[in-house]
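Naming: A, B, ... by sequence-line order, numbering from 1 per chain. Every value quoted in this text rests on a predicted model; they were computed, and no experiment measured them.
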Number of protein chains: 2
Amino acid sequence: MLNKSDCQKCSNDKNSIFKLLNKQERSVFENNKQCTSYKKNEIIFKEGDMPSGLICLCSGKVKLIKEGVGGRDQIIRMENSVNFIGFRALFAGEHYIASAVAIEDCTLCYLEKKTLDKLIRANGSFALKIITILAKELGVSNERTLSLTQKHIRGRLAESLLVLINTFGYEDDGKTIKVYLSREDLANLSNMTTSNAIRTLSMFASEGVISIEGRRLSVEQFETLKNISSLG
Amino acid sequence: MLNKSDCQKCSNDKNSIFKLLNKQERSVFENNKQCTSYKKNEIIFKEGDMPSGLICLCSGKVKLIKEGVGGRDQIIRMENSVNFIGFRALFAGEHYIASAVAIEDCTLCYLEKKTLDKLIRANGSFALKIITILAKELGVSNERTLSLTQKHIRGRLAESLLVLINTFGYEDDGKTIKVYLSREDLANLSNMTTSNAIRTLSMFASEGVISIEGRRLSVEQFETLKNISSLG
DNA sequence: TTAAATTTGTGTTATAAAACACGTATATTG
DNA sequence: CAATATACGTGTTTTATAACACAAATTTAA
């Protein structure tokens, strides 16, 4: 367990929902949160586990992965800090439907469900904010279902790259995607086999849309990538 | 516009979330709601429209349909009364991402967003209930994505039939699914072409799993149907 | 610093499901 | 009621993508 001071991002980040809390509510949060850390490739929680509190990813990156039919895993979401993970199951009162795996060293902090509920009941703006987050996420999920079921391989992979850009942004060169995934992860994110992810990725490279250096992917033609994604 | 008394189900239904409101809040709701009706096949709202309030489906059945790649529509949800429709977009503050179409004559009632927000801010249990509904729905959507992308045709169609049973139940005979859809709708719900829905449906019938009389589908072997669904 | 394991890359084959074509049955409408 | 549109049913062909196989490169561990 880390010292609380190691993990201030969850409340100080510019987009933190905890900024909606008043001084007194804020101190309830600060006094009850617990901080911890995970190394790269460690499992933060497992599909089927029961959540017991709200987890905020303060630093590092996480993949949320779901076991599919016949061992074909599906990455249902990539999460960057500072953001929550596993809140869906918590709010639904259900078991986790996906496992969270650190793809980089992570620090995260944890707030008991009981305390969270207290804050939601006490602060209507806070409640409405959570409602908005869930509703937006549901929209993303519905759109994703359509993409993964109807787009062709190229469209699905292009879309995944756009999602990664959106979630993690670029390195300082302004074109290298700031996350380094295996081809298998890219495949599980795009609902295809690893071989097809590899093949399609090199097609993109040979067309000049991206350039590749191992797991380092740089976007050379953003508009083309968007076109490939939207044309299916 | 119908008289308010035509539409009491939204607050009197045994599962109505409005039962969480106190007397005073309840009267705010009753005094502000507006009731209306739609005929079979009428469009209640269109994908791209901006929602302006909460819609409660008091009687009738609705399909929520999303335009796909190259005109291949996808039914993202079937809704029975008494339940809300279009609340995702409302809470997200976004445009509708699907159209709602009456598949039977419907009555519905409508509550302005402003009034709804007031109730959410005022009543923490009400807020938490909405959070739970959204979180559960997000879980359903995530599971659905996996099924539609990884299960084979038979598994997808079997799952759709189970969803329909779950949503609409059986007729008095205890085996006929209480909703009557075209083969095209069944296909759009199961992410397949109409021909494949027809073919697979008759396969199920010839195997004795279901029996068919036009759009009337009766489940003869529920456990087998569940097996087909889960084995992919 | 080798050896083993994992990841990446590429070509070939197999297959599930779409696309197409067309006939029949059932609704809808003038 | 006839005429037309819509929905249903079935066989055939095509195709996108999975499955398989295996080599090379890279990483991890011994």
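Rounded to an integer number of Å, the gap from CG of B:Leu148 to P of C:dA17 is 12 Å. In this structure, B:Met203 places its CE atom 13 Å from P of D:dG11, rounding to the nearest Å. Rounded to a whole Å, the CG atom of B:Leu186 is 13 Å from the C1' atom of D:dA7. Rounded to a whole Å, the CZ atom of A:Arg72 is 11 Å from the C1' atom of D:dA19. In this structure, A:Leu181 atom CG and C:dT8 atom C1' are separated by 15 Å, rounded to whole Å. A straight line from CG of A:Asn41 to P of C:dT6 spans 13 Å, rounded to a whole angstrom. Rounded to whole angstrom, the span from the CD atom of B:Glu184 across to the P atom of C:dA18 amounts to 14 Å. Rounded to whole Å, atom P of D:dA16 lies 16 Å from atom CD of A:Gln150.
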Checklist entry - Going through the checks in order, is the salt bridge (Lys or Arg N to Asp or Glu O under 4.0 Å) test met by B:Lys33 and B:Glu112? => result CA-CA 8 Å; B:Lys33 76 175 184 187; B:Glu112 270 204 342; over 6 Å; no

Next on the checklist: With salt bridge (Lys or Arg N to Asp or Glu O under 4.0 Å) as the criterion, how do A:Arg144 and A:Glu159 come out once you've worked through the C-alpha distance, each side chain's angles and the decisive distance to 0.1 Å?
Outcome noted: CA-CA 9 Å; A:Arg144 181 178 155 80; A:Glu159 184 174 294; over 6 Å; no

Checklist entry - Going through the distances and angles, do B:Glu143 and A:Lys66 end up as a salt bridge (Lys or Arg N to Asp or Glu O under 4.0 Å)? => result CA-CA 9 Å; B:Glu143 295 289 355; A:Lys66 199 164 156 46; 3.0 Å; yes

Checklist entry - How far apart are the C-alpha atoms of B:Leu157 and B:Met192, what are their side-chain angles, what is the distance that settles it, and do they pass the side chain to side chain contact (heavy atoms under 4.5 Å, CB included) test? => result CA-CA 9 Å; B:Leu157 185 64; B:Met192 63 185 65; 4.0 Å; yes

Item to check | Trace of the side-chain hydrogen bond (donor to acceptor under 3.5 Å, both in side chains) decision for A:Ser59 with A:Thr107 | outcome: CA-CA 5 Å; A:Ser59 71; A:Thr107 59; 2.7 Å; yes

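For the residue pair B:Ser52 / B:Tyr110, a side-chain donor-acceptor distance below 3.5 Å is found, with atom types taken as modelled. Counted by atom type alone, A:Lys61 and A:Thr167 present zero donor-acceptor pairs between their side chains at under 3.5 Å.
Contacts of B:Glu171 classified as side chain to side chain contact (heavy atoms under 4.5 Å, CB included), with partners at least two apart in sequence or in another chain: B:Asp173, B:Thr176, B:Lys178, B:Tyr180. Residues passing the side chain to side chain donor-acceptor pair (under 3.5 Å) test with B:Lys175, sequence neighbours excluded: B:Glu220. Partners of A:Ile17 by side chain to side chain contact (heavy atoms under 4.5 Å, CB included), not counting sequence neighbours, listed by chain and number: A:Phe84, A:Phe126, A:Lys129, A:Ile130, A:Ile133. Legend: residues meeting side chain to side chain donor-acceptor pair (under 3.5 Å) with A:Lys136, ordered by chain and number and at least two apart, are absent. With sequence neighbours left out, the side chain to side chain contact (heavy atoms under 4.5 Å, CB included) criterion links B:Met203 to B:Arg154, B:Glu207.
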I'd like a table of atom pairs between the protein and nucleotides 14-16 of chain C - only N or O on both sides, under 3.5 Å - with the distance next to each one.
none

Protein-nucleotides 27-30 of chain C N/O pairs closer than 3.5 Å?
none

Tabulated below should be each protein N or O lying under 3.5 Å from an N or O of nucleotides 25-29 of chain D; please produce it.
none

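Few gaps surround CD on B:Glu47; more than 12 heavy atoms of other groups in view lie less than 6.0 Å from it.
Residue pairs meeting the salt bridge (Lys or Arg N to Asp or Glu O under 4.0 Å) criterion with at least one partner in residues 184-202 of chain B, sequence neighbours excluded, are B:Lys63-B:Asp185.
Between the A:Gln150 side chain and the B:Arg72 main chain, a donor and an acceptor come within less than 3.5 Å of each other.
The distance from the OG1 atom of B:Thr224 to the NZ atom of B:Lys226 is 11.0 Å, given to the nearest 0.5 Å. To the nearest 0.5 Å, the span separating CD on B:Glu79 from SG on B:Cys56 amounts to 9.5 Å. Distance CZ/A:Phe204 to CD1/A:Ile212: 10.0 Å, rounded to 0.5 Å. We find the CD1-OG distance between A:Ile76 and A:Ser141 to be 8.0 Å, quoted to the nearest 0.5 Å.
Contacts with DNA chain D (heavy atom under 4.0 Å) in residues 207-218 of chain B: B:Arg215, listed by number. At a non-hydrogen distance threshold of 4.0 Å, A:Ser195, A:Ile198, A:Arg199 from residues 191-201 of chain A come into contact with DNA chain C.
End-to-end axis angle of the helix from C:dT1-D:dA30 to C:dG30-D:dC1, using five pairs per end and rounding to 10°, comes to 50°.
Picking from C:dG9, D:dT17, D:dT10 the nucleotide with the shortest atom distance to the side chain of A:Arg156 gives D:dT17.
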